[in-house]
Structures are given as structure tokens and as C-alpha cells.
Amino acid sequence: PALLGEGLTPATTKFSTALAMLAAALGLALRARRTEDAAVRHAGLIAVFGVAALLLGIAILVANGDGSGAFVDAVRRAVTLAPGGSDFGLPSSLSGAVSVALGIALLSEAVRGPRALTAAVGLTAISVAVLGVVGVVFHVSDSESPYFTRLGAPTIVAFAALGAGLLALRPHYGLVSRLLEHTAAGHAFRRLIVASIAVPFVLGWIRVLSHQSGAVAVVPGIAIYSLSMMAALGVLSWVLSAQLSRLDGQRAAAEAALREAYEFQRAVTLGADLAIISTDNVGIIRLFNPGAERMLGYAAEELVGRAT
């Protein structure tokens with residue numbers, strides 16, 4: 001009956017959410033083994049934990065359908081962020097929906113499914129966690145947006161951790177790949193991702209505090225917030241352009257040094273009276289200097305590109 005959502009109360013729904021998060025965490029830990037062989041050996045257990053999280057999520061969504069088994073309606077509320085009509089409300093719908101998504105992601109990982117699915121579920125879990133954090137920090141009241149304040153701190157932490165873990169399973173794909181790149185693009189992305197989260201969060205928090213204290217009215221507060229965002233984005237753009245300009249200068253200097261070293265090496269190779277012959281790692285001749293031509297009687301065009 002519990003799997004059909006019958007007899008679940010808000011308290012037991014929280015317990016079911018905790019069990020779903022635990023099952024997802026255990027499956028994720030097994031999938032994150034250092035070797036692919038170890039992950040393959042535990043594919044069955046990963047699938048079991050995925051099914052457990054999936055079924056618990058379905059039970060929570062069914063229970064959130066006002067006791068009528070309105071599973072589709074609960075999913076709709078979770079996706080559209082609409083408050084529920086039962087005692088469970090939107091937090092339970094979100095918890096159930098994320099649990100279902102985590103279960104599907106683990107099942108996909110057990111059978112080596114598409115990487116995009118894992119990344120999408122990871123980003124979804126992190127987005128729900130951010131939704132909860134913003135609501136708690138901004139002190140959104142239940143009458144204004146009940147789904148912010150009623151999403152508990154343990155649930156927020158679990159969603160963020162599991163989402164980050166799913167993204168970390170694919171370090172060479174998508175968001176994580178770009179985040180770890182040692183390139184100008186990776187450098188810019190790391191700066192932008194931090195600023196795009198921190199700057200609106202801090203400015204919005206200051207605006208809410210100023211409005212609640214009565215220091216600034218609503219309309220002037222919105223205007224100040226907009227101007228602050230413009231200024232912050234302008235400063236960020238200037239800092240990034242300066243950093244990229246410095247990187248371009250370093251790259252140009254490195255290219256000039258490499259070109260100078262190449263020209264020096266070429267002058268030495270062509271002017272030497274000794275035979276200088278170089279090959280690659282499979283024995284193909286790549287360099288045959290004029291000294292070698294005079295000493296061995298072969299032209300460079302005859303031997304370059306041929307195996308020794």
C-alpha cells in the first residue's frame with residue numbers, strides 16, 4: 001500500500017524521501033568506483049538502488065495527489081511549481097519528482113545509458129536545491145510562496161550533493177568538462193559561473209532586507225537593484241576582458257618565443273656540416289638536413305616520409 005501512496009502522512013513522506021535519497025546515494029557511490037570494471041560488476045546493485053529511489057518517488061507523488069492517486073496531477077504540480085491541495089504540498093511533489101529522476105538516472109548509469117540524461121538530472125537536483133536555499137535566505141513567507149520555506153535544509157543538502165555527484169560521474173562531458181578546462185574558455189566560465197550565482201543572490205538579499213526594514217520602497221528598490229546588476233555585470237565584463245587580454249598577450253609571447261626557437265633550430269640544422277636525421281616514434285623520417293644529403297648522397301625529398 002505504501003508504494004501506491006496509501007496511508008502516507010507528511011511525516012512518513014519525509015521518511016520516504018530520506019530513504020529515496022539514501023538509495024540514490026548508495027547507488028551513486030557504487031557507480032563512482034575508480035575503475036570501470038568495478039562499476040560494471042556492481043551494475044545490478046546500482047539498478048536495485050535506482051529502482052528503490054524510483055518506487056519511493058512514485059509513492060510520494062501518488063500520496064501527494066489528494067488521496068485519489070492523482071499521480072499525473074502531482075507531477076504537474078512539481079513541474080509547474082504549483083502548490084498542492086493536500087497536506088503534503090509542493091515540497092513533497094518536488095521531493096517525489098527528484099527521487100523519480102534520480103532513480104531513472106541510476107538505472108541509466110547501470111546500463112551505460114546516455115550521458116545527457118545523467119547531466120540533466122544532476123542539474124535538476126541542484127536547481128531544486130538552489131530554489132530551496134533562495135527561499136530560506138530571502139525569508140519568503142508561506143502565504144507568498146509556500147514551496148520555498150517548507151523545503152527542509154536536509155533535503156536541500158541532499159539534492160545539492162546528489163546532483164553534484166551525478167555531474168561528477170561525467171568529468172569529461174558537458175558542464176563539468178568546461179569547468180575543469182585549462183583554457184581561456186574554462187578560465188572565463190569559472191569566473192562567470194561564480195559571479196552569475198553570487199552577484200544576483202547578494203544584491204537580491206540586500207534589496208529584500210532594505211525593503212523589510214522600510215529603508216527603501218518597492219519601486220525604488222527595484223530600480224536600485226537593476227542599476228546594481230548593470231554595474232556588477234559591467235565590472236565583471238571589464239575584469240574578464242582584462243584577464244583575456246592578458247592571456248592573449250601571454251599566448252602571443254609564447255608563440256613568438258616558439259617561432260624564434262624554431263628559426264634558430266632550422267638555421268642550425270640547415271647550416272651544420274654533420275648529418276642530422278630525425279624520425280618519429282614509429283621510425284618515419286621527418287628531417288633529413290643538407291649535411292646528410294652531402295654525406296649519404298640522397299635528396300631529402302627521396303627519404304622524408306619513408307620508414308627507416
Side-chain angles (χ1 to χ4, degrees), residues 28 31-43 108-109 112-120 122-123 164-199 232-308:
L28 185 61
R31 175 62 186 86
R33 300 298 292 266
R34 291 187 176 182
T35 62
E36 288 293 327
D37 292 339
V40 170
R41 287 198 302 270
H42 293 95
S108 175
E109 286 295 320
R112 310 298 293 163
R115 297 176 295 178
L117 177 61
T118 302
L123 288 174
L166 285 175
L167 291 177
L169 288 179
R170 306 289 188 176
H172 304 296
Y173 175 78
L175 178 68
V176 180
S177 173
R178 181 54 56 86
L179 193 64
L180 299 178
E181 277 185 1
H182 296 290
T183 62
H187 178 81
F189 180 71
R190 285 189 290 273
R191 300 298 186 275
L192 282 172
I193 194 67
V194 173
S196 64
I197 295 173
V199 171
L233 290 175
V235 171
L236 177 62
S237 300
W238 179 78
V239 171
L240 279 177
S241 65
Q243 292 176 344
L244 291 176
S245 178
R246 185 174 66 254
L247 289 174
D248 286 339
Q250 293 173 352
R251 183 182 61 184
E255 290 176 350
L258 182 62
R259 186 163 51 249
E260 182 179 352
Y262 170 75
E263 293 296 336
F264 176 77
Q265 181 187 21
R266 184 171 181 274
V268 171
T269 302
L270 295 179
D273 290 332
L274 299 176
I276 300 177
I277 305 171
S278 67
T279 64
D280 58 19
N281 58 349
V282 294
I284 303 298
I285 297 175
R286 297 303 179 190
L287 175 65
F288 199 83
N289 78 325
E293 291 180 332
R294 290 191 296 269
M295 184 177 293
L296 301 178
Y298 293 98
E301 291 79 7
E302 297 178 76
L303 298 180
V304 172
R306 299 182 61 181
T308 57

Subject >> Close side-chain approach of R306 and I284, heavy atoms under 4.5 Å >> reply: no

Original post:
Is the closest side-chain heavy-atom distance between L287 and V304 below 4.5 Å?
Top reply: no

**OP:** For R246 and S241, indicate whether the former's side chain and the latter's backbone hold a donor-acceptor pair under 3.5 Å.
**Re:** no

To the nearest 0.5 Å, how far apart are [atom1] in [X] and [atom2] in [Y]?
X: L270; Y: I276; atom1: CG; atom2: CD1; answer: 9.0 Å
X: L169; Y: L28; atom1: CG; atom2: CG; answer: 5.0 Å
X: E109; Y: L166; atom1: CD; atom2: CG; answer: 7.5 Å
X: W238; Y: L233; atom1: CH2; atom2: CG; answer: 15.5 Å

Within 6.0 Å of [atom1] in [X], more than 12 heavy atoms from elsewhere:
X: E260; atom1: CD; answer: no
X: Q250; atom1: CD; answer: yes
X: R190; atom1: CZ; answer: yes

Subject >> Stepwise side chain to side chain contact (heavy atoms under 4.5 Å, CB included) check, L236 with V199 >> reply: CA-CA 10 Å; L236 177 62; V199 171; over 6 Å; no

Subject >> Evaluation steps, side chain to side chain contact (heavy atoms under 4.5 Å, CB included), between I277 and I285 >> reply: CA-CA 7 Å; I277 305 171; I285 297 175; 4.3 Å; yes

**OP:** Report the C-alpha distance between T269 and Q265 in whole Å, list the side-chain angles of each, state the deciding distance to 0.1 Å, and finish with yes or no for side chain to side chain contact (heavy atoms under 4.5 Å, CB included).
**Re:** CA-CA 6 Å; T269 302; Q265 181 187 21; 4.1 Å; yes

Subject >> side chain to side chain donor-acceptor pair (under 3.5 Å) contacts touching residues 278-301 (sequence neighbours left out) >> reply: D280-R286

